[in-house]
J.: 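There's a structure below that I have some questions on.
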Amino acid sequence: MAEELSIPYRYEATAQAGALVAQYSGLAEGESSGVKASVAGRVMLLRVQGKVAFAELRDETGSIQLFARANDLDSFDAFCSLSLGDWIGAKGEVAKTRRGELSVFVESFVLLAKARRGFGDKWHGINDVDTRHRQRYADLWANPEVRTALRTRFRIVSIMRRALESRGFIEVETPMLQPISGGALARPFVTHHNALDMDLFLRIAPELYLKRLVVGGFEKVFEIGRVFRNEGISPRHNPEFTMLELYQAYADYGDIMELTESLVNEIVTELFGASKVVYQGRTLNFAPPWRRATLEELTSETMGVEVSIDLGRDRLAEVGKQVGIEDDPSWGPGKLMLEIYEKTTEASLWDPVFVMDFPTEVSPLSRDHRSKPGHVERFEAVVAGRELANAFSELNDPDVQRERFAHQVEVGRAGDEEAMSMDEDYLRALEYGLPPTGGLGIGIDRLVMLLTDNSQIREIIAFPTMRPEQERD
RNA sequence: GCCCUCCUGGCGCAAUUGGUUAGCGCAACGGACUUUUAAUCCGUGGGUUCUGGGUUCGAGUCCCAGGGGGGGCACCA
């Protein structure tokens, strides 16, 4: 109780560890700066040696040693009985010890919070992946690289916001609870509104609402936010993840390609000072212009023979069989083509490439290609073998959109749980007129993985989805 | 959802072909030490080996079921 009462409600540090180290690392061994500083942070190590004691204090910016002597510090005994993990504030002169370690020579200190649990082995930290993800608060301290990666994540989002705003986009918010789940092909989470006594879906994409805003007169909008998909968890999938979606009136997918490569390159350059980054031991070059090639060209390249939807369904089914795709009678040639591309080609693409002109069949919200029947003006930006972005010239003809929805409804009746539903309100919006519009979606988590050299999505999500722990005591 | 694999004190790890009271380091607790760097030295306590069954004279080790984790497949971003 006494201890609890003695813990202050605030503490004013005059310096942070990182800044002190940067400023005074030039001191000679045994030399004092003559400056007093107060620092606050967590005790990471403690070495008591009779009438002197050394502690490593870590704050958000780094670590600095605390040096305490019984002669100079009245509460020396209390200092020695600190636990690893305790938060303290300490004040004293900044100087180097005889051994040349920059330290705060503690004249007074105050306990800010007691750590009643330890942060694992002081050398190995916490290794158990289960514990690390369930107790992220401890993981973040025990394994500083985790905090570094998350900080990079938050910074990427921040840079992205600024970059978009500087291009005249405004950030908007649209419903997460939606009566109709649309804008992507995925299974939604379902929840219930009691007062309205109706089911609502957690959004799988903000797309259809953002385009409604364009109908309403917002010409350049973006939203960075969480979407939810009721699918399996894997090293690359979390049920909730963060997407950027943006829409630009009067633009087509060509404009969006230019925007995408410049936007991503701007983020990379601001983070690393260059357009090249190393991912999983290989260099990735984000410098524009990125390669542009059609889905069919790229697939033909890897197959060594011409592959396109012009081959017709039967020929494509044969090609699919050759590469190990088992045919599904509900698929048309477009879906087969996409399957073949994904199976044979996508993973082999390394440096950023715009994979263009998808089959209409698999792109219910994209506008028909201006010159290639059966195709839409859609691209995916593929980096390191994975889709990073998905974009298209938006379909703005309400009649065509209605047909596409109708086809989706059919597919859904046939058992595809990811099919879209008819969205009459969205069609009504289109009937008011959606100007030619280019749209883009970027998976922020995937981008962060690339830029933090992580192959595991869990590592760059602060609190990844997990099964609850079993109830204990 | 399917397949493979892992689960030992707070943390990191051990335990020979199943064989005596399950070891070690860190942390904790007590003691020594006035310039340490994972400080060192002496001492102490702490585990129903994920849970529940089973095989066996004997199970941390083998078998079955369940729980949780990880990887792969499927699905997707």
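In what follows, every chain begins at residue 1, and chains take the letters A, B, ... in the order their sequences are listed.
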J.: Using a 5.5 Å cut-off between ring centres and planes within 30 degrees, is F54(A) stacked on the base of A39(B)?
T.: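 Base of A39(B): not stacked against F54(A).
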
J.: Touch check for N238(A), heavy atoms < 4.0 angstrom, all strands: base, sugar-phosphate only, or nothing?
T.: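 The residue N238(A) makes base contact.
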
J.: Check every strand shown and say whether R458(A) touches a base, only sugar-phosphate, or nothing at a heavy-atom separation below 4.0 Å.
T.: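 Since only primed, P, OP1 and OP2 atoms lie under 4.0 Å of R458(A), the category is sugar-phosphate.
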
J.: Does the U35(B) base have a donor-acceptor partner in the side chain of R69(A) within less than 3.5 Å?
T.: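 Yes.
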
J.: Taking the P atom in each of G10(B) and U16(B), what is the distance between them to the nearest angstrom?
T.: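 Each nucleotide's P atom is 23 Å from the other's.
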
J.: Of all the nucleotides listed (G12(B), U34(B), G70(B)), which has the minimum atom distance to the side chain of D128(A)?
T.: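 From the listed options, G12(B) comes nearest.
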
J.: Measuring from the side chain of K122(A) (C-beta onward, heavy atoms only), which nucleotide among G70(B), U35(B), C26(B) has the closest atom?
T.: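 Of all the options, the side chain of K122(A) is nearest to C26(B).
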
J.: What is the separation between atom CG on L84(A) and atom C1' on C26(B), rounded to the nearest whole Å?
T.: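 Atom-to-atom, L84(A) to C26(B), this comes out as 10 Å.
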
J.: Do E418(A) and E231(A) come close enough that some side-chain heavy atom pair is under 4.5 Å?
T.: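 In contact.
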
J.: Is any side-chain N of the basic residue among R292(A) and E261(A) closer than 4.0 Å to the acidic one's carboxylate O?
T.: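 Yes.
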
J.: Remember a base hit wins even if backbone is also touched, and classify E418(A) as base, sugar-phosphate or nothing at under 4.0 Å, heavy atoms.
T.: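 E418(A): backbone/sugar contact only, no base atoms under 4.0 Å.
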
J.: Just to be sure I understand the rule, does L388(A) reach a base, reach only the sugar-phosphate, or reach nothing, if contact means heavy atoms closer than 4.0 Å?
T.: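 Since no nucleic acid heavy atom lies under 4.0 Å of L388(A), the category is nothing.
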
J.: Measuring only the P atom in each nucleotide, how far is C29(B) from A14(B)? A whole number of Å is fine.
T.: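 28 Å, rounded to whole Å.
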
J.: Under the criterion salt bridge (charged side-chain N to carboxylate O under 4.0 Å, His left out), which of R458(A), R132(A), R134(A) is the partner of D139(A)?
T.: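 The single option meeting the salt bridge (charged side-chain N to carboxylate O under 4.0 Å, His left out) with D139(A) is R132(A).
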
J.: By nearest nucleotide on RNA chain B, pick out whichever of F105(A) and A186(A) is the more 5' one.
T.: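 Comparing both residues, the 5'-ward one is F105(A).
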
J.: Could you pick out which residue, S81(A) or T131(A), lies toward the 5' side of RNA chain B when each is mapped onto its nearest nucleotide?
T.: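 First, find each residue's nearest nucleotide; the 5'-ward one identifies T131(A).
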
J.: Can you identify which nucleotide, out of A74(B), G70(B), C13(B), has its nearest atom closest to the S234(A) side chain?
T.: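 Among A74(B), G70(B), C13(B), the one nearest the side chain of S234(A) is A74(B).
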
J.: Regarding G50(A), tell me which of base, sugar-phosphate or nothing describes its non-hydrogen contacts under 4.0 Å with the strands shown.
T.: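 Touches a base.
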
J.: Return the nearest nucleotide to the side chain of N71(A); candidates are U34(B), G71(B), G69(B).
T.: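 Nearest to the side chain of N71(A) among the choices is U34(B).
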
J.: For U49(B) versus G23(B), give the span between their P atoms, rounded off to a whole number of Å.
T.: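 Straight-line distance between the two P atoms is 13 Å.
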
J.: Go through F79(A) and F109(A) one step at a time and tell me if the ring-ring contact (aromatic ring centres under 6.0 Å, His included) criterion holds.
T.: CA-CA 8 Å; F79(A) 188 87; F109(A) 83 97; 5.3 Å; yes

J.: In whole angstrom, give me the gap between the P atoms of C4(B) and C63(B).
T.: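 About 13 Å, rounded to a whole number of Å.
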
J.: Between the side chains of S366(A) and E394(A), does any donor sit under 3.5 Å from an acceptor?
T.: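 No, E394(A) and S366(A) have no side-chain donor paired with an acceptor closer than 3.5 Å.
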
J.: Using the side-chain heavy atoms of R47(A), tell me which of these nucleotides is nearest: G70(B), G71(B), U37(B).
T.: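 Closest of the options to the side chain of R47(A): U37(B).
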
J.: When all nucleic acid strands are considered with a 4.0 Å heavy-atom cut-off, which category describes F67(A): base, sugar-phosphate, or nothing?
T.: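 Base: the residue F67(A), judged by heavy atoms under 4.0 Å, touches a nucleobase.
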
J.: Before we go on, tell me: are the rings of F392(A) and Y253(A) under 6.0 Å apart, centre to centre?
T.: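 No, the ring centres sit 6.0 Å or more apart.
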
J.: Can you tell me, in whole Å, how much space there is between the P of G70(B) and that of G12(B)?
T.: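 Each nucleotide's P atom is 15 Å from the other's.
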
J.: How would you label the contact of E380(A) with the nucleic acid (heavy atoms, under 4.0 Å): base, sugar-phosphate, or nothing?
T.: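 Contact class for E380(A): none.
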
J.: Please determine whether a side-chain nitrogen of the Lys or Arg among K335(A) and D328(A) lies less than 4.0 Å from a carboxylate oxygen of the Asp or Glu.
T.: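 Result for this pair is no, no salt bridge flagged.
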
J.: Which nucleotide in the set G12(B), U35(B), G68(B) lies at the smallest distance from any side-chain heavy atom of Q49(A)?
T.: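 Of G12(B), U35(B), G68(B), U35(B) is nearest to the side chain of Q49(A).
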
J.: Sticking with atom P, work out how far C62(B) lies from C42(B), rounded to a whole angstrom.
T.: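 Here C62(B) and C42(B) have their P atoms 37 Å from each other.
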
J.: How far, in whole Å, is U56(B) from A15(B) if one measures between their P atoms?
T.: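 So the two P atoms sit 28 Å from each other.
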
J.: Indicate, with yes or no, if the rings of W350(A) and W290(A) have centres closer together than 6.0 Å.
T.: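 Centroid separation for W350(A) and W290(A): 6.0 Å or greater.
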
J.: Answer yes or no: side-chain N or O of E101(A) and base N or O of U37(B) forming a donor-acceptor pair under 3.5 Å.
T.: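 Pair found.
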
J.: Touch check for G441(A), heavy atoms < 4.0 angstrom, all strands: base, sugar-phosphate only, or nothing?
T.: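 Since no nucleic acid heavy atom lies under 4.0 Å of G441(A), the category is nothing.
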
J.: Counting any heavy atom closer than 4.0 Å, what does E387(A) reach on the DNA or RNA strands: base, sugar-phosphate only, or nothing?
T.: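 If one applies the 4.0 Å heavy-atom cut-off, E387(A) turns out to touch the sugar-phosphate alone, with no base involved.
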
J.: Mind checking if M243(A) touches a base, just sugar-phosphate, or nothing, with heavy atoms under 4.0 Å?
T.: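 The answer is nothing, as M243(A) stays clear of every strand by at least 4.0 Å.
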
J.: Name the nucleic acid region contacted by D130(A), choosing base, sugar-phosphate or nothing; use a 4.0 angstrom heavy-atom cut-off, strictly under.
T.: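 Sugar-phosphate contact only.
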
J.: May I ask you to say what R98(A) touches in the nucleic acid, namely base, sugar-phosphate or nothing, with a heavy-atom cut-off under 4.0 Å?
T.: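 Result for R98(A) = base.
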
J.: G12(B), A39(B), G72(B): which one has an atom nearest the side-chain heavy atoms of N127(A)?
T.: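 Per side-chain heavy atoms of N127(A), the pick is G12(B).
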
J.: Across all strands shown, which nucleotide pairs with C2(B) by Watson-Crick or G-U wobble geometry, both distances under 3.5 Å?
T.: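 Here C2(B) is engaged in a pair, and the nucleotide opposite it is G72(B).
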
J.: For nucleotides A28(B) and G69(B), find the distance between their P atoms and express it as a whole number of Å.
T.: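 My reading of the P atoms in A28(B) and G69(B) gives 31 Å.
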
J.: Looking across every strand, which nucleic acid part, if any, lies under 4.0 Å from V48(A) by heavy atom: base, sugar-phosphate, or nothing?
T.: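 Since a base atom lies under 4.0 Å of V48(A), the category is base.
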
